[in-house]
There are 2 protein chains.
Amino acid sequence: MFNAKSLPVPSIQRLPSYLRLLEEAKAKGKHVVSCTHIAEELGQLSVQVRKDLAITGVSGRPKVGYNIDELINAIRDFLGWNQQTNAFLVGVGNLGSAILNYDGFVTHGLNIVGVFDSNPALRGKTVKGHTVVPFDDMLEYVETLKENDVFVKLGVITVPASAAQEVADKLVQIGVRAVWNYAPTVLELPESVICENVKLSESFAVLTNRMRNQDRR
Amino acid sequence: MFNAKSLPVPSIQRLPSYLRLLEEAKAKGKHVVSCTHIAEELGQLSVQVRKDLAITGVSGRPKVGYNIDELINAIRDFLGWNQQTNAFLVGVGNLGSAILNYDGFVTHGLNIVGVFDSNPALRGKTVKGHTVVPFDDMLEYVETLKENDVFVKLGVITVPASAAQEVADKLVQIGVRAVWNYAPTVLELPESVICENVKLSESFAVLTNRMRNQDRR
DNA sequence: TAGATTGTTAATCGATTAACAATC
DNA sequence: TAGATTGTTAATCGATTAACAATC
């Protein structure tokens with residue numbers, strides 16, 4: 001009904017790289033930056049940067065550029081990185097541990113409030129301050145969180161492909177609104193649940209296909 | 001000069017998911033599959049699947065479909081997954097370990113022939129059968145490989161952003177033809193070196209932006 | 001033969017790029 | 001004022017989807 005026209009995904013995907021650059025510029029003491037400069041730095045066209053920035057609602061000043069603080073805030077706001085996203089992480093292997101240990105996502109609002117694994121060997125172990133809870137205990141764990149008015153919005157899936165659907169089902173059951181899936185599977189989820197797949201094999205495919213094409217020249 | 005018209009990247013990125021489905025079908029004892037079926041399974045249009053498959057050069061039979069073995073082979077060939085890709089991996093943190101321990105990439109031809117880290121605590125440790133070599137010893141390590149006719153084609157970068165450029169420079173120095181970069185940085189590389197960036201923050205950005213949009217309805 | 005499916009050409013859609021006016 | 005930069009409209013490009021003919 002109020003079907004807001006959806007914003008171009010490619011633009012959204014480029015925003016984090018702008019943000020990184022802006023934060024570096026800020027750290028260097030700069031206050032203003034032109035999109036001509038951003039474009040040069042990242043090897044794109046300045047029009048594209050301008051269009052991308054426009055979707056965040058911020059505006060710049062001709063001849064001057066954009067205010068860095070304002071722009072950083074607008075991008076973070078637009079991406080939802082100024083709010084906390086309470087999340088469960090399921091699967092504390094190397095990949096799961098990598099996410100828990102990477103501080104970048106914390107500054108993007110990712111707030112892990114529960115860490116699960118079905119491997120008994122991990123039971124009770126602590127990773128980056130999070131005690132690993134048995135996967136089967138997720139439901140009761142959610143209840144105790146609810147009692148403290150903590151609600152889980154996101155599920156991060158870092159289990160092997162074979163277990164991913166089962167994990168997704170449980171996450172849906174406890175009421176997450178979105179799933180961030182690192183397993184190479186197409187998950188079946190209710191329409192209302194947002195799903196973003198991290199495409200590692202897909203990335204590798206593009207890489208090796210290009211290497212092969214180079215070979216054939 | 002012989003600028004072969006470049007193939008659509010989105011199509012290349014969809015091929016791995018077809019491959020997964022085909023291998024499952026094969027494991028179930030099937031020999032033939034229609035793209036109508038693939039499309040249904042993955043929630044896409046069948047024309048798209050047909051176009052995507054066409055770029056691999058394989059052809060199907062009307063009313064019947066595609067031969068699964070033939071199709072698997074054609075996709076793997078097209079992606080370069082039927083050949084070994086000798087690679088160095090730099091950065092044996094959780095992310096690097098995750099890649100080393102994930103068998104999927106091995107079946108895609110990824111052949112790790114050297115694992116490096118500058119952390120002295122890791123020196124001499126073994127991860128998935130690979131002894132961690134000090135980063136500074138890479139050059140001499142390459143020489144011993146060359147003596148055995150082993151040539152490194154790819155560098156996998158799983159170090160923090162702050163170290164990524166330095167690692168990339170060294171990899172270029174030893175002559176890799178491509179770089180698979182997991183660090184959130186735009187690397188400066190010679191034109192001739194292929195670079196594929198894994199976009200984790202970019203994926204998170206799309207996710208949280210959609211969650212935010214849902215909030216605002 | 002009828003129907004399902006492939007393969008291909010044409011139409012549509014959306015994103016990128018070009019052109020240019022507005023502005024500090 | 002001149003020049004650099006933003007903001008916007010138009011043109012181009014490429015990918016997706018629709019339409020349909022070919023075929024087993």
*Candidate pair B:Glu202 and A:Arg14, rule salt bridge (charged side-chain N to carboxylate O under 4.0 Å, His left out), full reasoning*: CA-CA 7 Å; B:Glu202 286 75 356; A:Arg14 282 188 294 268; over 6 Å; no
*Find the distance A:Gln13:CD to C:dA15:P and express it as a whole number of Å.*
11 Å
*Contact residues, residues 61-69 of chain B to DNA chain D [heavy atom, < 4.0 Å]*: B:Pro62, B:Lys63
_salt bridge (Lys or Arg N to Asp or Glu O under 4.0 Å) against A:Lys63, all qualifying residues, sequence neighbours excluded_ = none
*Any Lys/Arg nitrogen of A:Asp215 or B:Arg177 sitting under 4.0 Å from an Asp/Glu carboxylate oxygen of the other?*
yes
*Establish, for the pair B:Lys146 and B:Phe151, whether the NZ or CZ atom is under 6.0 angstrom from the six-membered ring centre and no further than 45 degrees off its axis.*
no
_Residue pair B:Ser46 / B:Thr36: nearest heavy atoms and the distance that separates them_ = CB-CA, 4.0 Å
_Sequence neighbours excluded - side-chain hydrogen bond (donor to acceptor under 3.5 Å, both in side chains) pairs with any residue from residues 23-34 of chain A_ = A:Lys26-A:Asp69
*Is it true that a side-chain atom of A:Gln165 and a backbone atom of A:Glu188 form a donor plus acceptor pair closer than 3.5 Å?*
yes
*Where along residues 15-22 of chain B does a heavy atom fall under 4.0 Å from DNA chain D?*
none
*Which class fits the ring pair A:Trp180 and B:Phe204: parallel under 30°, tilted 30 to 60°, perpendicular over 60°?*
tilted
*With pairs taken as Watson-Crick or G-U wobble and both distances under 3.5 angstrom, which stems of at least three consecutive pairs involve DNA chain C?*
C:3-24 with D:3-24
*asked:* Heavy atoms within less than 4.0 Å of DNA chain D: which residues of residues 33-57 of chain A have one? Give them sorted by number.
replied: A:Ser34, A:Cys35, A:Thr36, A:Val47, A:Arg50, A:Lys51
_Shortest non-hydrogen contact between A:Leu79 and B:Arg212, atoms and distance_ = C-CD, 4.5 Å
